[in-house]
There are 2 protein chains.
Amino acid sequence: MSSSSQRVLAVVRRQILNGERVPGEKITEVGIAAEMDVSRTPTRTALATLAAEGLIEKRSGRGFTVRSISSSDVEKSIAVRAALEALAARTMAENGMPKSAEDALLKSIAFTERVLDADEPDPDYMDGYQEANILFHETIMYQCGNDLIAHAYERIAMLPLAALGSLAFDRTNPRRELKRLTVGHSQHIIIFDAIKKRDAARAEAMMREHSHATLNYADLFVKRIYETSSADRLEAAANE
Amino acid sequence: MSSSSQRVLAVVRRQILNGERVPGEKITEVGIAAEMDVSRTPTRTALATLAAEGLIEKRSGRGFTVRSISSSDVEKSIAVRAALEALAARTMAENGMPKSAEDALLKSIAFTERVLDADEPDPDYMDGYQEANILFHETIMYQCGNDLIAHAYERIAMLPLAALGSLAFDRTNPRRELKRLTVGHSQHIIIFDAIKKRDAARAEAMMREHSHATLNYADLFVKRIYETSSADRLEAAANE
DNA sequence: GATCTTAACTTTGGATACAAAATCTGGTTC
DNA sequence: GAACCAGATTTTGTATCCAAAGTTAAGATC
């Protein structure tokens with residue numbers, strides 16, 4: 001879309017998700033506009049989008065405040081994502097798998113297999129694994145034949161861990177993580193197989209289970225967001 | 001929110017859903033602003049919202065066009081709604097039913113019962129039935145304990161028949177319709193019972209089935225929207 | 001007559017100005 | 001000390017202006 005408003009949107013969203021803007025922090029059109037050195041017009045559209053995404057909350061007459069993202073919020077977003085992804089898997093199984101989707105899914109599976117077949121988990125491959133994982137989930141969500149599923153999903157997509165194929169690695173225990181990825185990979189294969197065979201019920205059930213697996217890592221993820229001393233920053237913001 | 005932009009949003013949305021604005025019709029900021037006698041600023045925000053809702057499509061540099069709503073779109077929206085409502089029912093069953101929700105649900109059930117117990121279906125009661133139906137579905141969606149479900153749902157809520165508790169009556173066959181409403185009512189009672197007893201699986205399955213029941217009426221609903229000679233209006237619009 | 005170029009027009013994004021509504025702050029009164 | 005009132009300030013919504021980008025159409029050239 002536009003350059004300025006897109007830039008404001010991207011920057012402020014990143015700041016919120018990185019914890020640079022603390023939950024409860026006040027956000028106003030004029031404030032952001034001055035900070036980013038743009039006028040209120042693009043700022044307004046950006047803030048409206050952020051409010052629609054649920055990252056900030058409108059408080060009539062008192063600007064916006066950064067919404068706090070609790071571990072429970074993350075769990076909720078995963079529940080919604082799981083429901084929509086399960087529906088997408090079922091829908092694709094019912095409609096049949098398009099050729100382009102089959103190519104993408106096979107590519108994702110093949111790549112992941114290579115990563116996991118290595119004797120030692122190579123940290124360099126992790127990014128690739130993540131990419132392949134995202135490809136798998138996005139392919140099903142966006143090519144299932146019902147674009148409204150993705151449309152609804154996009155409303156919550158920017159919340160932490162709600163993003164398709166997002167993974168939180170526990171780097172303190174790589175061997176266990178490798179095991180976990182292997183299980184996830186096997187689920188991908190099952191899902192692919194079920195869709196290919198038009199087994200809608202199996203595809204749906206497996207995808208639901210697979211999406212829910214992320215749940216155990218909600219705490220880990222929230223910790224990462226707020227790991228830096230957000231309490232200090234909140235205090236500083238309050239004293240301004 | 002604001003007066004002007006809200007008015008523009010409401011009016012144009014109604015026009016599109018009523019078929020007064022034909023699919024494919026061109027919509028521009030200046031055009032709507034002049035028509036509604038407001039400036040481009042509130043018009044811009046209203047059109048942005050409509051685009052987010054999916055009722056109009058942005059075509060860069062050439063304004064927006066009214067999106068056509070096919071019978072298949074309606075079916076898709078119902079599938080998404082069913083998935084989200086099923087999740088909401090399950091969530092409420094898991095979390096337990098809040099007192100305010102119980103009151104609302106019982107009120108809806110009691111009212112519907114009165115309508116259906118009449119010997120002859122009274123057309124005047126239909127509005128009341130509709131209201132009670134909406135109350136039932138909205139209560140579960142908005143009080144289930146996961147606000148993100150409603151958040152995702154709102155992205156598709158304005159599509160025809162996707163609205164919670166929307167019903168399309170076939171007035172040519174009132175006796176059959178009465179039978180249908182009776183079945184729907186029995187499902188409400190089962191859903192209430194399942195949630196009350198914390199039977200999440202049953203609540204989810206029943207709600208899924210219940211939401212899908214609307215599917216058979218998708219054709220009927222699309223016909224109603226485009227029943228007037230929309231082809232003529234499209235031609236007229238093209239010739240302008 | 002076809003194609004390329006250019007000029008006018010449309011459309012949108014952004015900046016600024018103004019007014020209204022709401023909130024905050026300070027002082028005054030009881 | 002608490003409550004209320006009024007002015008100052010913040011915040012937001014709308015209008016208008018300007019510029020950039022893209023689209024359309026007409027005319028020139030081959």
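For clarity, every value in this text was computed on a predicted model and none was experimentally measured. Order of the sequence lines fixes the chain letters, A, B, ..., with proteins taken first and strands second; residue numbering starts at 1 for each chain. Computation of the quantities below employed the complete heavy-atom set of this structure, encompassing side-chain atoms and omitting hydrogens, waters and symmetry-equivalent molecules.
- A:H188 and A:H210 have perpendicular rings, their planes meeting at more than 60° on a 0 to 90° scale where under 30° would count as parallel.
- Within 3.5 Å, no donor on the side chain of B:R59 pairs with an acceptor on the base of D:dG22, nor the reverse.
- Remark on DNA chain C: of its neighbouring residues A:T41 and A:R62, the 5'-side contact belongs to A:T41, judged by nearest-heavy-atom nucleotide.
- In terms of phosphate contacts, A:T28 brings no side-chain nitrogen or oxygen within less than 4.0 Å of OP1 or OP2 of D:dT12.
- Separating the CD1 atom of A:I32 from the C1' atom of C:dG14 is a distance of 17 Å, rounded to the nearest angstrom.
- Among all heavy-atom pairs drawn from A:L47 and A:I56, the shortest one is O-CD1, 3.5 Å.
- Evaluation of atom-type donor-acceptor distances gives no pair under 3.5 Å for the side chain of A:R44 against the base of C:dG14.
- Atom CZ in A:R40 sits roughly 12 Å away from atom P in C:dA15 (whole-Å rounding).
- Between D:dT14, D:dT11, C:dG14, one nucleotide has an atom nearer to the side chain of A:P42 than all others, and that is C:dG14.
- OP1 or OP2 of D:dT11 lies within a sub-4.0 Å distance of a side-chain N or O belonging to A:K26.
- Across A:S211 and A:R81, no two heavy atoms sit closer than the pair O-NH2, 3.2 Å.
- The side chain of B:S4 contributes an N or O atom lying less than 4.0 Å from OP1 or OP2 of D:dT14.
- Mapping A:S39 and A:G61 onto DNA chain C by nearest heavy atom places A:S39 closer to the 5' end of the strand.
- One finds a salt bridge joining A:R21 and A:E35 here, because a Lys/Arg side-chain nitrogen approaches an Asp/Glu carboxylate oxygen to under 4.0 Å.
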